[in-house]
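Note on naming: letters A, B, ... go to the chains in the order of the sequence lines (proteins, then strands), and numbering restarts at 1 for each one.
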Amino acid sequence: GENVEQHPSTLSVQEGDSAVIKCTYSDSASNYFPWYKQELGKGPQLIIDIRSNVGEKKDQRIAVTLNKTAKHFSLHITETQPEDSAVYFCATGGYNKLIFGAGTRLAVHP
Amino acid sequence: DVKVTQSSRYLVKRTGEKVFLECVQDMDHENMFWYRQDPGLGLRLIYFSYDVKMKEKGDIPEGYSVSREKKERFSLILESASTNQTSMYLCASSYPHRGQNTGELFFGEGSRLTVL
C-alpha cells in the first residue's frame with residue numbers, strides 16, 4: 001500500500017541554523033505534498049504545500065523541494081527561531097486522501 | 001476565523017463502553033475526516049466523508065464507525081472501546097481543490113481518549 005517515510009524523527013538545532021526534514025513516498029500517482037506543523041496541545045496546521053507540476057516553493061523562511069523521479073520531497077527551514085520548535089508532518093495525496101509521515105520533532109535551542 | 005471544534009479534549013472510558021467523539025466545523029466544508037495520532041506512527045486515517053450521509057473507510061477503520069447527518073457535524077463512534085484504542089483523535093475538514101479531495105486540512109485540537 002501507500003507509504004511515506006519521514007526522517008529524522010528528532011532534530012535539534014541552534015537558533016539561526018537551518019533545518020531539513022526529508023520524506024520519501026511510494027505511490028507514483030501522488031500529486032500533492034503538504035507539510036503540517038503541530039504545536040504542543042494543538043492540531044496540525046498547514047505551513048506549505050506543493051503540487052507535482054512544481055519543483056520548489058518558498059514562503060519566507062520555509063521552502064519545499066520535490067523530486068518526483070526519486071519520489072522524495074523535503075522541508076527546509078532557514079534562520080530557525082525558538083517558535084519553530086514543534087512536530088512537523090509531511091504528507092502525500094492523490095485524488096482522495098492524504099497519507100502522513102510519522103513526524104519529526106524539531107527543537108530549536110536559543 | 002476557520003474553526004473545527006471537537007467536543008471533548010480528554011475522555012476516560014472503560015473497556016466495552018460505547019464512545020462518541022463529536023466534531024463540528026463552521027466553514028461549510030464538504031469533506032470531513034477522522035485521524036488517529038500515535039507516537040511514531042503519525043496520523044492514520046480512520047474514516048472520511050465527502051457529503052452528508054456518505055462515508056468511506058480509511059486505512060484503519062476496524063473497531064470504528066462514523067455518522068454524518070448534517071454537513072457541519074461528523075461523529076466517530078467506538079461501539080465497544082478497547083485498550084488498544086487509547087489514542088489522540090483528530091478531526092479535520094477541507095474544501096475540495098479543483099475537483100480533488102486533497103485540499104488543505106483544517107484540524108481540531110484533538111480528543112485524547114484513554115480506555116482502561
Fill in: Residue B:Arg44 versus chain A: region with a heavy atom under 4.5 Å
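Neither part, no heavy atoms under 4.5 Å.
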Discussion item. Between B:Leu41 and chain A, with a heavy-atom cut-off of 4.5 Å, which part of the residue counts as in contact: side chain, backbone, both or neither?
Written reply: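 Just its backbone gets close to chain A.
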Fill in: Test log, rule side-chain hydrogen bond (donor to acceptor under 3.5 Å, both in side chains), inputs A:Asn3 and A:Ser26
CA-CA 6 Å; A:Asn3 187 46; A:Ser26 59; 5.5 Å; no
Worksheet item: Among all residues two or more places apart in sequence or in another chain, which pass the side chain to side chain contact (heavy atoms under 4.5 Å, CB included) test with A:His7?
Response: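 Here the qualifying residues are A:Glu5.
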Side-chain donor-acceptor pairs of residues 34-50 of chain A under 3.5 Å, sequence neighbours excluded:
residue, atom, partner, partner atom, Å
A:Tyr36, OH, B:Leu105, N, 2.8
A:Lys37, NZ, A:Glu39, OE2, 3.4
A:Lys37, NZ, A:Glu83, O, 3.0
A:Gln38, OE1, B:Gln37, NE2, 2.8
A:Gln38, NE2, A:Lys42, O, 3.0
A:Gln38, NE2, B:Gln37, OE1, 3.1
A:Asp49, OD1, A:Lys57, NZ, 3.1
A:Asp49, OD2, A:Tyr32, OH, 2.8

Taking side chain as C-beta onward, heavy atoms only, is [X] less than 4.5 Å from [Y]?
X	Y	value
A:Thr65	A:His76	yes
B:Glu30	B:Tyr95	yes
B:Tyr89	B:Ser87	yes

Worksheet item: chain A contacts: which residues in residues 70-78 of chain B have a non-hydrogen atom closer than 4.5 Å to it?
Response: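 Residues of residues 70-78 of chain B touching chain A at under 4.5 Å: none.
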Discussion item. What residues of residues 107-116 of chain B make heavy-atom contacts with chain A at a cutoff under 4.5 angstrom?
Written reply: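 So the qualifying residues are B:Phe107, B:Gly108, B:Glu109.
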Residue pair [X] / [Y], side-chain donor-acceptor N/O under 3.5 Å:
X	Y	answer
A:Arg61	A:Thr78	no
A:Thr80	A:Asp17	no
A:Ser12	A:His109	yes

Discussion item. Please report whether the ring centroid of A:Tyr25 lies less than 6.0 Å from that of A:His72.
Written reply: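 When the ring centroids of A:His72 and A:Tyr25 are compared, they turn out to be at least 6.0 Å apart.
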